[in-house]
S.K.: 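For reference, the structure I am asking about is given below.
Proteins come first, then strands; the chains are lettered A, B, ... in the order of their sequence lines, and each starts at number 1. As the structure is a prediction and not an experimental result, all values here were calculated from the model.
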Number of protein chains: 2
Amino acid sequence: MKLADAKQQFISSWGAFGTHWGINRTMAQIHALLLVSVSPITQDDIMEQLSISRGNVNMNIRDLIGWGLVERIIITGERKEFFTAEKDIWKVATQIIKERKKRELDPMIRLLAQLENIDDDKKDKDVKQFIEVIRGIKKLGGQADKVLGAMVNAEENWFTGSMLKMFK
Amino acid sequence: MKLADAKQQFISSWGAFGTHWGINRTMAQIHALLLVSVSPITQDDIMEQLSISRGNVNMNIRDLIGWGLVERIIITGERKEFFTAEKDIWKVATQIIKERKKRELDPMIRLLAQLENIDDDKKDKDVKQFIEVIRGIKKLGGQADKVLGAMVNAEENWFTGSMLKMFK
DNA sequence: ATCAACTTTCAATATATTTTGAAAGTTCAG
DNA sequence: CTGAACTTTCAAAATATATTGAAAGTTGAT
């Protein structure tokens, strides 16, 4: 397979993969393009490579920067801005996890904590079951939170280290 | 907070949460409703509680059964079908992980394996970087696959056991 | 075998999300 | 200060996704 074809397929598949996880297809595609670009590229490069509009590129780049996955690069003597993505996949993964944890997991756990406080009769079957389900999800969320938090803050890179040996 | 209000908020939030993870809002809501229902309920019950059409309920219930999260219950003497959801959150989580792994993670890893085979000059900077990124993602995916596979097949329930103690 | 009760399907419709592109905003060299 | 180069914004348009509801299909009691 030729490099150009492989790149294209990677970008396209990464975009499709993203949509299955609640991530805008174009945002994932731009990220993929930046991942496989050796040097920083401009908005015009992205527009051309992915055949999308300037506005679309601009908004999605902004989001990617907000996710901490892409960096704006100013090259002296150049008028245009350049963009580049973190290439270390371990760092990319921990960054994505950190953000999703903050944006989605933590707020959900906070909400569940509130829903536990039911005024009605605690002996009622319905109330019991409801509280049990909420507690269960909260507990699971809390554990995921802890494991992922440890992963994100780990000194050792679990990727290269032996942390995950036990699951072989 | 009253039970009825808490239930409503749970259903609504769970639906919103689902959409952030690529899951149909209504499917997540039906699942939430079944989670907090003590006894099996019918399509009509779901239609009424969530104010949605029969077709919508039917299709999403079918998907939920496909995900292994909901069961069809035949009650002797009743003409209508009833539905119920697994309430053990650990089982729910492993089932969801098992399915997403099968549907999304495994195919992606297979694809990446193909993209590694580049015909062009392996010494070329672009080729090198591309292969490195693909390898990195494949490795990460493989590790996630292993850890999640272990979690799904674990004899011990990590939820109640001490498996996750080390992350406290 | 009939028919009422119930379930399933899917084309049409509605809704939500994404994308565009032109106008407004910003920056900076001369 | 001016204006060309570039970036950002956002209302309108396009597209993708979800929902409806009525017709077709199935089931089982009589």
Side-chain angles (χ1 to χ4, degrees), chain A residues 11-34 40-67 70-84 103-104, chain B residues 11-34 40-67 69-85 103-104:
Chain A
I11 290 168
S12 149
S13 307
W14 201 244
F17 190 70
T19 59
H20 282 132
W21 293 88
I23 290 173
N24 179 293
R25 176 188 261 86
T26 303
M27 178 168 143
Q29 286 183 345
I30 294 175
H31 187 219
L33 173 60
L34 287 167
I41 59 179
T42 65
Q43 291 201 354
D44 290 87
D45 294 332
I46 298 170
M47 288 167 65
E48 195 188 319
Q49 297 247 359
L50 303 181
S51 311
I52 56 179
S53 72
R54 181 176 307 283
N56 200 358
V57 171
N58 193 279
M59 291 171 102
N60 281 114
I61 280 279
R62 195 214 294 168
D63 285 351
L64 282 165
I65 292 174
W67 276 81
V70 166
E71 212 186 335
R72 193 185 303 268
I73 302 275
I74 303 298
I75 296 181
T76 327
E78 290 274 9
R79 196 71 189 272
K80 285 185 183 174
E81 296 177 338
F82 287 72
F83 299 93
T84 190
R103 295 172 190 216
E104 292 146 24
Chain B
I11 290 168
S12 149
S13 307
W14 201 244
F17 190 70
T19 60
H20 283 132
W21 294 88
I23 290 172
N24 179 293
R25 177 185 262 92
T26 303
M27 176 167 143
Q29 286 183 344
I30 294 176
H31 187 219
L33 173 60
L34 287 167
I41 59 179
T42 66
Q43 291 202 352
D44 291 85
D45 295 331
I46 298 170
M47 287 168 66
E48 194 187 319
Q49 298 247 359
L50 304 181
S51 312
I52 56 178
S53 72
R54 183 176 304 286
N56 199 359
V57 172
N58 193 279
M59 292 171 103
N60 281 112
I61 280 279
R62 194 214 295 165
D63 285 351
L64 282 165
I65 292 173
W67 276 81
L69 297 171
V70 166
E71 212 186 336
R72 193 184 303 268
I73 302 274
I74 303 298
I75 297 182
T76 327
E78 289 274 10
R79 196 69 190 274
K80 286 185 182 174
E81 296 177 338
F82 287 72
F83 299 94
T84 190
R103 294 171 190 218
E104 292 147 22

S.K.: What residues, two or more places apart in sequence or in another chain, satisfy side-chain hydrogen bond (donor to acceptor under 3.5 Å, both in side chains) together with B:Arg79?
M.R.: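 Testing B:Arg79 for side-chain hydrogen bond (donor to acceptor under 3.5 Å, both in side chains), a comparison that skips the adjacent residues, returns none.
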
S.K.: Indicate the atoms forming the closest heavy-atom contact of A:Arg72 with A:Ile65, along with that distance.
M.R.: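 Of all heavy-atom pairs spanning A:Arg72 and A:Ile65, the closest is NH2-CD1, 3.6 Å.
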
S.K.: With sequence neighbours excluded, what pairs up with A:Glu71 under the salt bridge (charged side-chain N to carboxylate O under 4.0 Å, His left out) test?
M.R.: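 A:Glu71: no salt bridge (charged side-chain N to carboxylate O under 4.0 Å, His left out) contacts found.
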
S.K.: With a cut-off of 3.5 Å and sequence neighbours excluded, list every side-chain donor-acceptor pair involving residues 11-21 of chain A.
M.R.:
residue, atom, partner, partner atom, Å
A:Ser13, OG, A:Gln9, O, 2.7
A:Thr19, OG1, A:Ala16, O, 2.6
A:Trp21, NE1, B:Glu104, OE1, 3.2

S.K.: In Å, rounded to the nearest 0.5 Å, how long is the span from CD of B:Glu81 to OG1 of B:Thr42?
M.R.: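 So the gap between those two atoms works out to 10.0 Å.
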
S.K.: Name the stems with DNA chain D in them: runs of three or more consecutive Watson-Crick or G-U pairs, distances under 3.5 Å?
M.R.: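 C:1-30 with D:1-30 - these are the stems of 3 or more pairs that involve DNA chain D.
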
S.K.: The criterion is salt bridge (charged side-chain N to carboxylate O under 4.0 Å, His left out); which residues satisfy it with A:Glu78, sequence neighbours excluded?
M.R.: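 With sequence neighbours excluded, A:Glu78 shows a salt bridge (charged side-chain N to carboxylate O under 4.0 Å, His left out) to no residue whatsoever.
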
S.K.: Measure from CD1 on B:Ile52 to C1' on D:dT17 and round the result to the nearest Å.
M.R.: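 My rounded result for the distance is 15 Å.
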
S.K.: Can you give the donor-acceptor pairs under 3.5 Å from side chains of residues 22-34 of chain B to other protein atoms, not counting sequence neighbours?
M.R.:
residue, atom, partner, partner atom, Å
B:Asn24, OD1, B:Thr26, N, 2.8
B:Asn24, OD1, B:Met27, N, 3.0

S.K.: Can you tell me the distance, in whole Å, between the CD1 atom of A:Ile74 and the P atom of D:dC6?
M.R.: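 My rounded result for the distance is 13 Å.
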
S.K.: Quickly work out the A:Asn60 CG to D:dT9 P distance and round it to whole Å.
M.R.: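 Nearest whole value for this atom pair: 13 Å.
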
S.K.: Using a heavy-atom distance cut-off of less than 4.0 Å, which residues of residues 22-34 of chain A contact DNA chain D?
M.R.: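 Here the set is empty: none.
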
S.K.: How close or far is atom P of D:dT20 from atom CG of B:Leu50, stated in whole angstroms?
M.R.: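 Spelled out: CG on B:Leu50 to P on D:dT20 is 10 Å.
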
S.K.: Using a 4.0 Å heavy-atom cut-off, write out nucleotides 2-7 of chain C from 5' to 3' as B (base contacted by protein), S (sugar-phosphate only) or - (no contact).
M.R.: --BBSB

S.K.: Counting only pairs under 3.5 Å, give me each side-chain donor-acceptor contact of residues 52-62 of chain A, with atom names and distances, residues two or more places apart or in other chains.
M.R.:
residue, atom, partner, partner atom, Å
A:Ser53, OG, A:Asn56, N, 3.2
A:Arg54, NH2, A:Asp44, OD2, 3.1

S.K.: Please report, rounded to the nearest Å, how far the P atom of D:dC6 is from the CZ atom of A:Arg62.
M.R.: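 These atoms are roughly 21 Å apart.
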
S.K.: Measure from CD1 on B:Ile65 to C1' on C:dT8 and round the result to the nearest Å.
M.R.: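 Rounded to the whole Å, the gap is 12 Å.
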
S.K.: Rounded to the nearest 0.5 Å, how far does CZ of A:Phe83 lie from CG of A:Asp45?
M.R.: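 Spacing of CG (A:Asp45) from CZ (A:Phe83) equals 10.5 Å.
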
S.K.: Once side-chain hydrogen bond (donor to acceptor under 3.5 Å, both in side chains) is applied, do any residues pair with B:Glu48, and if so which ones, sequence neighbours excluded?
M.R.: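 Checked B:Glu48 against side-chain hydrogen bond (donor to acceptor under 3.5 Å, both in side chains); zero matches.
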
S.K.: Rounded to whole Å, how long is the line connecting atom CD1 of A:Ile46 with atom P of C:dT19?
M.R.: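 Interatomic distance, CD1 of A:Ile46 to P of C:dT19: 14 Å.
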
S.K.: What is the distance, rounded to the nearest whole Å, between atom CG of A:Asn56 and atom P of C:dT17?
M.R.: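 Going from A:Asn56 (CG) to C:dT17 (P), I get 16 Å.
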
